[in-house]
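Notes to accompany the following structure.
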Amino acid sequence: MPSFGLRTLGELGRSQETEPPRPSRYRAVGRRRGPALGALVDETVGLFRELRRAVMEIHAEGLLSGGQRKVLAELERMGPRTVPQMARAQSVSRQNVQSHVNELVAEGLVETIENPEHRRSRLVRITAEGGRRLHEMNRVETQFFDALEIEADAGHIEMATEVLQGVRNALRIPRVGK
């Protein structure tokens with residue numbers, strides 16, 4: 001089993017006697033959320049950097065980029081897809097996804113196949129080796145996350161996930177008149 005160099009992540013999700021607020025309560029009229037959202041963004045950026053460092057440490061060899069991994073995960077979850085379909089689902093450019101697909105094809109982790117619905121836009125499919133690599137990365141990370149000392153139960157973590165999803169979704173809404 002890999003050594004992860006564990007440490008306590010601090011006061012994240014300290015339980016209280018009352019039930020934690022549900023995401024719908026964050027829509028309270030008249031409540032200033034700007035400073036709280038600013039702090040959440042700062043913490044999210046810091047967390048992203050720590051996660052990136054941890055991932056590089058626990059996957060010392062055979063590391064896939066975040067974009068490559070996202071392509072593999074989507075193909076495993078959704079089945080064969082075109083590059084434009086994956087780009088729309090990830091809110092990134094087609095060229096960005098195409099570069100990841102090209103790298104994954106070169107490593108034998110995905111392959112392109114005929115698309116019965118379109119002559120020119122081929123389908124991308126995960127290979128057995130791509131699935132194996134993705135499952136191994138997920139297994140190692142699950143061990144790592146299970147071993148972290150976090151003062152939060154699964155409910156707190158799920159609530160934090162919902163809040164982050166809500167912020168991300170709000171940022172995706174097109175702004176009218178801007």
What's the verdict on side-chain contact (heavy atoms from CB on, under 4.5 Å) for Glu107 and Gln68, showing C-alpha distance, side-chain angles and the deciding distance?
-> CA-CA 11 Å; Glu107 290 189 46; Gln68 290 172 328; 4.2 Å; yes

Show your reasoning for whether salt bridge (Lys or Arg N to Asp or Glu O under 4.0 Å) applies to Glu129 and Arg132.
-> CA-CA 5 Å; Glu129 178 59 21; Arg132 188 201 62 75; 2.7 Å; yes

Evaluate the criterion salt bridge (Lys or Arg N to Asp or Glu O under 4.0 Å) for residue pair Glu74 and Lys70; output intermediate values, then yes/no.
-> CA-CA 6 Å; Glu74 183 174 343; Lys70 191 146 181 96; over 6 Å; no

Quick one: do Val71 and Gln90 satisfy side-chain contact (heavy atoms from CB on, under 4.5 Å)? Show the steps, please.
-> CA-CA 9 Å; Val71 167; Gln90 296 176 29; 4.1 Å; yes

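Across Val101 and Val110, no two heavy atoms sit closer than the pair O-CG2, 3.9 Å. Here the closest non-hydrogen pair linking Leu75 and Arg125 is CD1-C, 4.2 Å. Nearest approach of His100 to Gly67, heavy atoms of both residues: NE2-CA, 3.5 Å. The shortest non-hydrogen separation linking Glu114 to Pro116 is O-CD, 3.6 Å.
Looking only at atom types and distance, the side chain of Glu76 has a donor-acceptor partner in the side chain of His135 under 3.5 Å away. Side chain to side chain, Asn115 and His118 fail the donor-acceptor criterion of an N or O pair below 3.5 Å. Counting only N and O atoms by type, the side chains of Asn102 and Gln98 include a donor and acceptor under 3.5 Å apart.
Separating the CD atom in Glu50 from the CG atom in Leu47 is a distance of 8.0 Å, to the nearest 0.5 Å. Here the CZ-OG1 distance, from Arg49 to Thr44, works out to 11.5 Å after rounding to the nearest 0.5 Å.
Counting heavy atoms from C-beta on, the side chains of Arg69 and Asn138 come closer than 4.5 Å. Looking at Glu141 and Val55, their side chains come closer than 4.5 Å, going by heavy atoms from C-beta outward. Between Phe144 and Val140 the shortest side-chain heavy-atom distance does not fall below 4.5 Å. Arg133 places a side-chain heavy atom less than 4.5 Å from the side chain of Leu64. Put simply, the side chain of Leu40 reaches to within 4.5 Å of the side chain of Leu37, judged on heavy atoms. Side-chain contact check for Thr127 versus Leu104: every heavy-atom pair is 4.5 Å or farther apart.
If you chain together hydrophobic residues whose side chains sit under 4.5 Å apart, Leu164 and Leu171 fall into the same group. Using a 4.5 Å cut-off between side-chain heavy atoms of Ile, Leu, Val, Met, Phe, Trp and Tyr, with links allowed through other members, Met86 and Ile126 fall into the same hydrophobic cluster. Leu109 and Val83 end up in the same hydrophobic cluster when Ile, Leu, Val, Met, Phe, Trp and Tyr side chains are linked at under 4.5 Å. Clustering ILVMFWY residues whenever any of their side-chain heavy atoms sit less than 4.5 angstrom apart, transitively, puts Leu72 in a cluster other than the one holding Met78. If you chain together hydrophobic residues whose side chains sit under 4.5 Å apart, Phe48 and Met56 never meet in one group.
Gln85 meets the side-chain contact (heavy atoms from CB on, under 4.5 Å) test with Arg81, Thr82, Arg88; sequence neighbours excluded.
The neighbour count for Gln95 CD, taken as heavy atoms of other residues, nucleotides or ligands under 6.0 Å away, is above 12.
Arg122 places a side-chain N or O within donor-acceptor distance of the main-chain N or O of Thr112, the cut-off being under 3.5 Å. Judged by distance alone, with hydrogens and angles left aside, the side-chain atoms of Asn169 form a donor-acceptor pair with the main-chain N or O of Gln165 at under 3.5 Å.
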